[in-house]
Amino acid sequence: MTEDSKGRGRRATGRRRRKPATRRRALVMAAWCAAAVVLLGGVGLGYFYFKLNGNLKTVDIDQALGTDRPANVDNGSMDILVLGSDSRGGANGAYGQDDGGSARSDTAMVVHLYEGHQKASVVSIPRDTMTSRPECVVGGKGKTDPGGRRKQFNEAYTVGGAACAVKTVEKMSGIRMDHYIEVDFTGFKKIIDTLGGVEVTTTKPIKDDYSHLDLPAGPNKLNGEQALGLVRTRHGVGDGGDLGRIQLQQAFIKALIKQVKGVGVFDNPKKLLDLADAGTKALTTDKALGDVKSLAGFAQSLQGIDAGDMQMITLPVTADALDANRVAPLQKESKMVWDALLADRPIPAEATANSTGDKSTAGTVVQ
């Protein structure tokens, strides 16, 4: 495997991460909600335990990518790629024109858990980012896509599914993804409804006919349909681009995490089981997390992380020089982000100082 300029190995195969933590807490959008609240319901519940196992869908990332991956860095940290899928087929067809079942990574976040799992950094990757995409196997067709130097980031998932998305992120960052979690539209909506809704406060009205969202300014308790509209809206905020949507997603995540702790589901067994059922039906994970026992153990290790313990940024980007409707990574600043996570350090403030990514709609949603 390759080494960086300081001779450090970039992650390859091998055992990962000492010091498994003893806590659990939610991290990212629907996937984080599902992993955080939902999963504890499966342990020791007999029939329901097996039912939850049957709900889970898995992808064998390790087998798909083989040894063509960065090296493991055994420093106690962990990295998870979390995707929100954007298929317009089946039940998701209500959110746009049916695309024949193909899908895009409408939301992509790299979640880095620091050693001890007491703090986390979350890096959102704009779906319109122009990047170099590696060669990927085309899902189910026995063919390969050659990739290329100027490819839109979210097309990786369309071309080769979860494995291609992971491979693309690993090539961008030089960081091996330890786990993969994916949640689709309808599953996310059901999780929020089962949870009883999520409260957010908007500083101004948000109206977007494309995502069916119409919120007045002030406190709002969002049901599943409204929450989905909020994390998907672009046209109702900022300049109508993907960077504004990322800001809303990050604000919603923090509001969700804050409320999950006090929702009282652990005193309500039926609600807990309903959440477990909804969450496991919504999830696709890597094979290592593909059973309730493993997923619950992973969730338990995150218990100590609250919204205030999370640093959330957008990958440093600027307008793409060849297409004003796309963005391109700021190379120096992006390297600062990935190098910090690789070394298990906080992301330095100067990494995002020149980026357009965290300036689009700050303050539109307040926890």
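Start at 1 with the first residue, then count along the sequence. The figures that follow rest on heavy atoms only: side chains count, while hydrogens, waters and symmetry mates do not. Given the structure is predicted, the values throughout are model-derived calculations rather than measurements.
- Under the 4.5 Å side-chain heavy-atom criterion for grouping Ile, Leu, Val, Met, Phe, Trp and Tyr, Ile175 is not connected to Leu330 through any hydrophobic cluster.
- You'll find the side chain of Tyr114 stays beyond 4.5 Å of the side chain of Met78, heavy atoms only.
- Asp286 has its side chain out of reach of Thr58: every pair of non-hydrogen atoms, C-beta onward, lies at least 4.5 Å apart.
- Ile192 has its side chain out of reach of Leu222: every pair of non-hydrogen atoms, C-beta onward, lies at least 4.5 Å apart.
- Partner of Lys57 under the side-chain contact (heavy atoms from CB on, under 4.5 Å) criterion, chosen from Thr284, Asp184, Thr285: Thr284.
- Closest non-hydrogen pair, Met109 versus Ile253, comes out as CE-CD1, 3.4 Å.
- Salt bridge annotation for Lys119-Asp306: absent, with no cationic side-chain nitrogen under 4.0 angstrom from a carboxylate oxygen.
- Asp320 places a side-chain N or O within 3.5 Å of a backbone atom of Leu322 that can act as its donor or acceptor partner.
- Side chains of His112 and Asp344: a donor on one and an acceptor on the other come within 3.5 Å.
- A donor-acceptor distance shorter than 3.5 angstrom exists from the side chain of Arg69 to the backbone of Met177, with no hydrogens or angles considered.
- For the residue pair Gln152 and Arg133, the shortest heavy atom distance occurs at O-NH1, 4.5 Å.
- Between Ser124 and Gln250 the shortest side-chain heavy-atom distance falls below 4.5 Å.
- For the pair Thr314 and Val123, the minimum side-chain heavy-atom distance is 4.5 Å or more.
- Lys287 has no carboxylate O lying under 4.0 Å from a charged side-chain N of Asp62, or vice versa, which leaves the two without a salt bridge.
- Between the Ser334 side chain and the Pro316 main chain, a donor and an acceptor come within less than 3.5 Å of each other.
- One finds a salt bridge joining Lys281 and Asp277 here, because a Lys/Arg side-chain nitrogen approaches an Asp/Glu carboxylate oxygen to under 4.0 Å.
- A side-chain contact (heavy atoms from CB on, under 4.5 Å) with Ile80 is found for one member of Leu113, Val110, Asp178 and no other, namely Leu113.
- Across every non-hydrogen atom of Ala108 and Phe153, the tightest pair is CB-CE2, 3.5 Å.
- Between Met172 and Leu315, the closest side-chain pair of non-hydrogen atoms falls below 4.5 Å.
- Side chains of Glu155 and Tyr157: no donor on one and acceptor on the other come within 3.5 Å.
- With hydrogens and angles disregarded, a donor-acceptor distance shorter than 3.5 Å links the side chain of Asn53 to the backbone of Val292.
- The closest side-chain heavy-atom distance from Lys151 to Met130 is not below 4.5 Å.
- With a 4.5 Å cut-off on side-chain heavy atoms, Asn55 and Phe50 do not count as touching.
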